[in-house]
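So you know, we letter chains A, B, ... as the sequences are listed, proteins then strands, and number each from 1. If you're wondering where the values come from, they're calculated on a predicted model, not measured in any experiment.
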Amino acid sequence: MVRTRFAPSPTGYLHIGGVRTALFNWLFARSQGGRFLLRLDDTDRERNLEEAVRPILEGLRWLGIDWDEGLEVGGDYGPYRQSERADRYDAAVERLLASGAAYRDYATPEELEAEREEARAAGRAFVYSRRWRAESPADDERFAAEGRSAVVRLTMPREGSCRFHDLVRGDVEFEWAREQDHVIRRADGTCLYHLANVVDDQDMKISHVIRAEEHLSNTPRQIFIAEALGAEPPIHAHLPFVAEPGSRNKLSKRKIAKYLKNPDFAELHARGMTVLERLGRTADAETFNPVIVGFYEDVGFLPDAVVNYLLLLGWSLDDRTEDFTREEMVREFRLDRVSKSPASFDPKKLVAFQERRMQEVPLAARTRLVLPYLAEAGWIDDVDDPATVARVTRIVEAAGDRIKIAGDILDYADLFPAAGDLAYDEKAFEKRITKPDDAIDLLAAFRDVVGAVRPFAAEALETALKGFVESRDLAISKIIHALRVATTGKAVGFGMFETLEILGPDLVVARIDAALEKARAAKETVHGDAD
RNA sequence: GGGGCCAUCGUCUAGUGGUUAGGACGGGAGAUUCUCAGUCUUCAAACCGGGGUUCGAUUCCCCGUGGCCCUGCCA
């Protein structure tokens, strides 16, 4: 039975690199008919634990990465929080002590540092002398009498080597002599991560440990612990790390300021900030940025698009397949197709997956994606009101591929009177309305025509405008740009006729009037200055 | 300092002891529509360096270089 796990620390957010690890664990378990577990590595006890855990669970759930055992869902091998498992770690330490695989060590940090310094000066690798190792109860008493306290260290082998087969890297070998007598229990009696990790994996019957490459060098000591505890070590698979945009350096949540200097990263971030601002929310770059999964949920990405991108960050099926449904990825996923080298995070490619996926979302579903954003922005009142839904559906339909991310709907304030007064693109206004000498007259003439068109629908409006320009022997471009700026304030937008239909006759006429007034006032000013 | 892992277009990657080194994102050019978006066509773009092995290395081996990780009473 394949059993994999994801064991995040309660950091308060779900990181892109972390979630990729979770995804691969999930995919492997699902592809093998196994089980996927979620447990919490909270060995350093934090305040506000629940607060720090929630975004992680939310992020996983949003992406559709579900777990069979662990936090919140329970299971037969709990508890699933390290902070609640101290008794098991203590028991493991006692067994290691009893078998000689570990020992109590009374060296002070200073004494240890002196030995390290000595090794450094001599130019050789540091190997602890074990001078303060307690060999007998008498030693314990003697050291204690000197005021020393004990940590527990692993009695690591000093010859031979640790060989294991990594499902991604192949055969790996480490010489035992290079390994340290790692501490597994502090002087204060609390246990350390590596011990806890191995005990948990063993207790929870984890068959495959799939984790980030940074743990590769930690594997020998964990294998040592596992074997000393009398168990078969799990099978390991070390994933390449996720690198920064445009570089091979490891992606870090602490370097957001640096990533913001990357144009692609900055662009995505800015896009997210725009959505947030229009929603009236605030966030700083530390907690809201493209390295954090919550960013994508907030801005309106499709979970499938994000997952698909993540899947290809270090994994490939062949030389051409890029798009995968959940079923396909579960069916095709294999650990031996994971690449060995770091994969750098490319915001542009992630967005490309999103855009492609969004195009496939049917109109009604796309409308549902967009409605909550409009409601939160206060541009509509009731997401369930049939008239509102119908109107938004019409807008989403007219928008077509322009809405690439659900939050993009907030680019179209001009179609929602509740969003406030029309904002004009002043440059476009001048270019299309004030400056051309016939624009004002044409607009004024068309104003009287358009108000009377019935039905006030795209097709009839198109007929009306075409008739209007033909009767004057004009190209449609002579008026259409001015009309767009007058009615939407913008130089670019949806198809003109759909836009007019969405706006409705009253708003169209009123906006043309307002634009005419604004344009005439501008001309007056120019004349006034000239005189 | 010691050890480990890694190295194909800018990015994600495929691939082989002999290939025009393939695809995708991004970029360039062009076409199309009332603008934008989209779509279509098209172009440019890579085997880290040096030694071997071999008839022949991007591929196998060694060295170097670079990146990352471990070397903690952090995880």
Enquirer: When all nucleic acid strands are considered with a 4.0 Å heavy-atom cut-off, which category describes A:H238: base, sugar-phosphate, or nothing?
Expert: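 Counting heavy atoms under 4.0 Å across all strands, no contact is made by A:H238.
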Enquirer: Mind checking A:L192 for me? I need base, sugar-phosphate or nothing, with any heavy atom below 4.0 Å counting as a touch.
Expert: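 Answer is sugar-phosphate: A:L192 comes under 4.0 Å of backbone atoms only.
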Enquirer: Quick check on RNA chain B: between A:P109 and A:R320, whose nearest nucleotide comes earlier from the 5' end?
Expert: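 Nearer the 5' end of the strand: A:R320.
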Enquirer: Is the distance from OP1 or OP2 of B:rA75 to the nearest side-chain N or O of A:R186 less than 4.0 Å?
Expert: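 Result: yes.
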Enquirer: Using heavy-atom distances to pick each residue's nearest nucleotide on RNA chain B, tell me which of A:V151 and A:K250 is more 5'.
Expert: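 Its nucleotide being nearer the 5' end, the pick is A:K250.
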Enquirer: Given atom CZ of A:R357 and atom P of B:rC25, what is their separation to the nearest angstrom?
Expert: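 The answer, rounded to whole Å, is 14 Å.
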Enquirer: Reckon A:F241 touches a base, only the sugar-phosphate, or nothing at all at heavy-atom distances under 4.0 Å?
Expert: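 Result for A:F241 = sugar-phosphate.
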Enquirer: B:rC68, OP1 or OP2 - any side-chain N/O from A:N249 closer than 4.0 Å?
Expert: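 So the side chain of A:N249 is within the cut-off, an N or O lying under 4.0 Å from OP1 or OP2 of B:rC68.
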Enquirer: In whole angstrom, give the distance that lies between atom CZ of A:F126 and atom P of B:rC70.
Expert: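 Taking atom P of B:rC70 as the reference, CZ of A:F126 is at 18 Å.
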Enquirer: Reckon A:R116 has a side-chain N or O less than 4.0 Å from the OP1 or OP2 of B:rG1?
Expert: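 So the side-chain polar atoms of A:R116 never come under 4.0 Å of the phosphate oxygens OP1 or OP2 of B:rG1.
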Enquirer: Which whole-number value in Å describes the distance from A:N308 CG to B:rA24 C1'?
Expert: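 Rounding to the nearest Å, CG of A:N308 and C1' of B:rA24 are 12 Å apart.
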Enquirer: Do nucleotides 3-14 of chain B as a string where each nucleotide becomes B, S or -: B if the base has a protein heavy atom under 4.0 Å, S if just the sugar-phosphate does, - if no protein is that close.
Expert: BSBSSS--SBSS
Enquirer: Measure the distance from CH2 on A:W132 to C1' on B:rC73 and round it to the nearest whole Å.
Expert: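 A:W132 atom CH2 is separated from B:rC73 atom C1' by 16 Å.
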Enquirer: Cation-pi check for A:Y106 against A:R148: NZ or CZ below 6.0 Å from the six-membered ring centre and within 45 degrees of the axis, yes or no?
Expert: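 No, cation not above the ring by the 6.0 Å, 45° rule.
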Enquirer: Categorize A:V183 for me: base, sugar-phosphate, or nothing, with a 4.0 angstrom heavy-atom threshold over every strand shown.
Expert: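 A:V183: backbone/sugar contact only, no base atoms under 4.0 Å.
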Enquirer: Quick test of your reading of the model: are A:R394 and A:E501 salt-bridged, counting only N-O distances below 4.0 Å?
Expert: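 Salt bridge: yes.
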Enquirer: When both hydrogen-bonding distances must be under 3.5 Å and the geometry is Watson-Crick or G-U wobble, what is B:rC34 paired with, if anything?
Expert: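 Pairing partner, where one exists within any strand: none, as none qualifies.
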Enquirer: A:R5 and salt bridge (Lys or Arg N to Asp or Glu O under 4.0 Å): which partner among A:D201, A:D203, A:D200?
Expert: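 Only one option passes, and that is A:D201.
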Enquirer: Do the ring planes of A:Y103 and A:Y128 sit parallel (below 30°), tilted (30 to 60°) or perpendicular (above 60°)?
Expert: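 Parallel: the ring planes of A:Y103 and A:Y128 meet at under 30°.
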Enquirer: Are A:K258 and A:E244 ion-paired here, with the side-chain N under 4.0 Å from a carboxylate O?
Expert: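 Looking at A:K258 and A:E244, the cut-off is met.
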Enquirer: Please state whether the rings of A:H236 and A:H238 are parallel, tilted or perpendicular, taking 30° and 60° as the class boundaries.
Expert: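 A:H236 and A:H238: parallel rings.
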Enquirer: Measure from CG on A:D188 to C1' on B:rC74 and round the result to the nearest Å.
Expert: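 Going from CG in A:D188 over to C1' in B:rC74 covers 13 Å.
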Enquirer: Within the structure shown, what part of the strands sits under 4.0 Å from A:A177 by heavy-atom distance: base, sugar-phosphate, or nothing?
Expert: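 It contacts nothing in the nucleic acid.
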Enquirer: Which part of the nucleic acid does A:R185 contact within heavy-atom distance under 4.0 Å: base, sugar-phosphate only, or nothing?
Expert: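 The residue A:R185 makes no contact with any strand.
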Enquirer: Go through the side-chain N and O atoms of A:R484 and A:T488 and say whether any donor and acceptor fall under 3.5 Å apart.
Expert: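 No, no side-chain donor-acceptor contact under 3.5 Å.
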Enquirer: Any chance you could list the contact pattern along nucleotides 29-49 of chain B? Use B for base contacts, S for sugar-phosphate-only contacts and - for none, protein heavy atoms under 4.0 Å, 5' to 3'.
Expert: -----BBBSSS----------
Enquirer: Less than 4.0 Å between a side-chain N and a carboxylate O, is that true for A:R334 and A:D336?
Expert: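 Judged by the 4.0 Å cut-off on N to carboxylate O distance, A:D336 and A:R334 do form a salt bridge.
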Enquirer: Using the salt bridge (Lys or Arg N to Asp or Glu O under 4.0 Å) definition, which of the options A:R153, A:R131, A:R133 pairs with A:D105?
Expert: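 Only match with A:D105 under salt bridge (Lys or Arg N to Asp or Glu O under 4.0 Å): A:R153.
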